[in-house]
Amino acid sequence: MNRLLIIDIETYLYKSLTSCKVLKQDKVYKNIYFEAYDIDKAILYLTNNLKRLMDTLQAEVSELVIGDENNFRKIINPDYKKHRPAKPPIYKTILNLVNEKFNPISLQNLEADDICRILYEDNTFYPNYEKIIVSVDKDFFTVPCKFFRDLSNNKLIDIVDLDTAQYNLFKQIIMGDITDNYKGIPNYGEVKANKFLKFSKNEEDIIKLFEDHGLTKEDYLMNKYMAQLISINQYDFKTGEVKYDR
């Protein structure tokens, strides 16, 4: 069976900004040096990484994915990723070149992670291909899928089954995510979350855990919206609306 890579390109795009920085000397004032961006190096960085992934995973085809500028999570939770620094001006330039050269897939109101999941679940998208999601992001461990986490020296394709995905999602909901700027249950880190989930693995128990710590079902649902990647059944392709679970 032919293999398709569904690649979240955003992390690679950010890393390309660093890879293309060059030190320049002023032509008139020789003692003055400044940093500049060599756009060709950024595109070369992306091209080389795509080739590496195709070779490493022995894939015939790849489709790149990038998130929409509008993000439904920021609409329902203005604090979501609020603490992250603004993108440098050069980012937009490189993004435009990436769009021209690679034509990545994007869907209205969704992040790249959501889009990768939807494409993975869409049986009309490359039917009869073995699909593998490729990303640096750990969030795909919350999705039933074949997933290659592109970290140093990793050559393992994880097969995430439904039970494992559900477990990881519940753990993320309980803990929250500092990286994405949403809080979990107070004093619940990975150890306590794992201990709780060893015996309680259903939504009602976790909602009760929230309530036992002075939180509400709405707090649980908000964390669920932040942590859960949108499935194909939750997305309206015509309107771009997300259908929330209740």
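All values below were derived from every heavy atom in this structure, side-chain atoms included, with hydrogens, water molecules and symmetry-related copies excluded.
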Which ring-ring contact (aromatic ring centres under 6.0 Å, His included) pairs, counting each pair once, include a residue from [range], with sequence neighbours left out?
range            : answer
residues 110-137 : Tyr126-Tyr129
residues 53-74   : none
residues 76-100  : Tyr14-Tyr91

Distance, nearest 0.5 Å, that separates [atom1] of [X] from [atom2] of [Y]:
X      : Y      : atom1 : atom2 : answer
Ile39  : Leu44  : CD1   : CG    : 12.5 Å
Cys116 : Ile9   : SG    : CD1   : 10.0 Å
His213 : Ile185 : NE2   : CD1   : 6.0 Å
Asp161 : Cys145 : CG    : SG    : 10.5 Å
Lys217 : Glu204 : NZ    : CD    : 8.5 Å
Asn202 : Leu197 : CG    : CG    : 10.0 Å

Please indicate whether [X] has more than 12 foreign heavy atoms, meaning atoms of other residues, nucleotides or ligands, lying under 6.0 Å from its [atom1].
X      : atom1 : answer
Asn128 : CG    : no
Ile76  : CD1   : yes
Lys82  : NZ    : no
Ile32  : CD1   : yes
Asn123 : CG    : no

If Ile, Leu, Val, Met, Phe, Trp and Tyr residues are connected whenever their side-chain heavy atoms lie under 4.5 Å apart, and connections chain through other members, are [X] and [Y] in the same group?
X      : Y      : result
Leu119 : Phe237 : yes
Val61  : Val65  : yes
Ile157 : Leu4   : no
Ile133 : Ile159 : no
Leu53  : Ile43  : yes

Which of these passes salt bridge (charged side-chain N to carboxylate O under 4.0 Å, His left out) with Arg73: Asp114, Asp177, Asp180?
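Only one of Asp114, Asp177, Asp180 forms a salt bridge (charged side-chain N to carboxylate O under 4.0 Å, His left out) with Arg73, namely Asp114.
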Closest heavy-atom contact between [X] and [Y]?
X      : Y      : result
Phe210 : Ile173 : CZ-O, 3.5 Å
Leu5   : Ala59  : CG-CB, 3.5 Å
Phe196 : Asp205 : CZ-O, 3.7 Å
Ile232 : Glu121 : N-OE1, 2.9 Å
Leu215 : Pro186 : CD1-CD, 4.1 Å
Thr142 : Leu229 : OG1-CG, 4.4 Å

With a 4.5 Å limit on heavy-atom distance, are the side chains of [X] and [Y] in contact?
X      : Y      : answer
Tyr220 : Leu209 : no
Thr11  : Asp137 : no
Leu64  : Tyr12  : no
Ser106 : Ile115 : yes
Asn77  : Asn181 : no
Phe148 : Leu57  : yes
Arg149 : Phe141 : yes
Val242 : Leu110 : yes

Report the residues that fulfil salt bridge (Lys or Arg N to Asp or Glu O under 4.0 Å) with [X], sequence neighbours left out, ordered by chain and then residue number.
X      : value
Asp113 : none
Arg52  : Asp150
Arg3   : Glu130
Asp139 : none

Checking Lys51 now: which residues fulfil side chain to side chain contact (heavy atoms under 4.5 Å, CB included) with it, not counting sequence neighbours?
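Per chain and number, Lys51 pairs via side chain to side chain contact (heavy atoms under 4.5 Å, CB included) with Asp55.
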Check: [X] side chain, [Y] main-chain N or O, donor-acceptor pair, under 3.5 Å:
X      : Y      : value
Asp158 : Val160 : no
Lys131 : Asp122 : yes
Glu10  : Gly67  : yes
Asp236 : Glu241 : no
Ser16  : Leu13  : yes
Gln172 : Gly176 : yes

Indicate whether any N or O donor in one side chain lies under 3.5 Å from an N or O acceptor in the other, for Asp219 and Tyr182.
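No pair is found: no donor N or O on one side chain lies under 3.5 Å from an acceptor on the other.
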Using side chain to side chain donor-acceptor pair (under 3.5 Å), reason through Asn194 and Tyr167 one step at a time and then give a plain yes or no.
CA-CA 9 Å; Asn194 282 330; Tyr167 182 98; 2.8 Å; yes
Sequence-distant partners of Phe140, ring-ring contact (aromatic ring centres under 6.0 Å, His included), two or more places apart:
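Once residues adjacent in sequence are excluded, the partners of Phe140 under the ring-ring contact (aromatic ring centres under 6.0 Å, His included) criterion are Phe147.
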Side chain to side chain contact (heavy atoms under 4.5 Å, CB included) evaluation trace for Ile230 with Arg117:
CA-CA 7 Å; Ile230 298 304; Arg117 177 177 184 176; over 6 Å; no
Which pairs with one or both residues in residues 26-46 pass side-chain hydrogen bond (donor to acceptor under 3.5 Å, both in side chains), sequence neighbours excluded?
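Non-adjacent pairs meeting side-chain hydrogen bond (donor to acceptor under 3.5 Å, both in side chains): Gln25-Tyr33.
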Show the atom names and distances, to 0.1 Å, of all donor-acceptor pairs under 3.5 Å that link a side chain in residues 92-104 to residues at least two apart or in another chain.
from	atom 1	to	atom 2	distance (Å)
Lys92	NZ	Glu69	OE2	2.6
Asn96	ND2	Lys92	O	3.3
Asn99	ND2	Leu95	O	3.3

Which pairs pass salt bridge (charged side-chain N to carboxylate O under 4.0 Å, His left out) with one or both residues in residues 183-195, sequence neighbours excluded?
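Those involving residues 183-195 are Lys171-Glu190.
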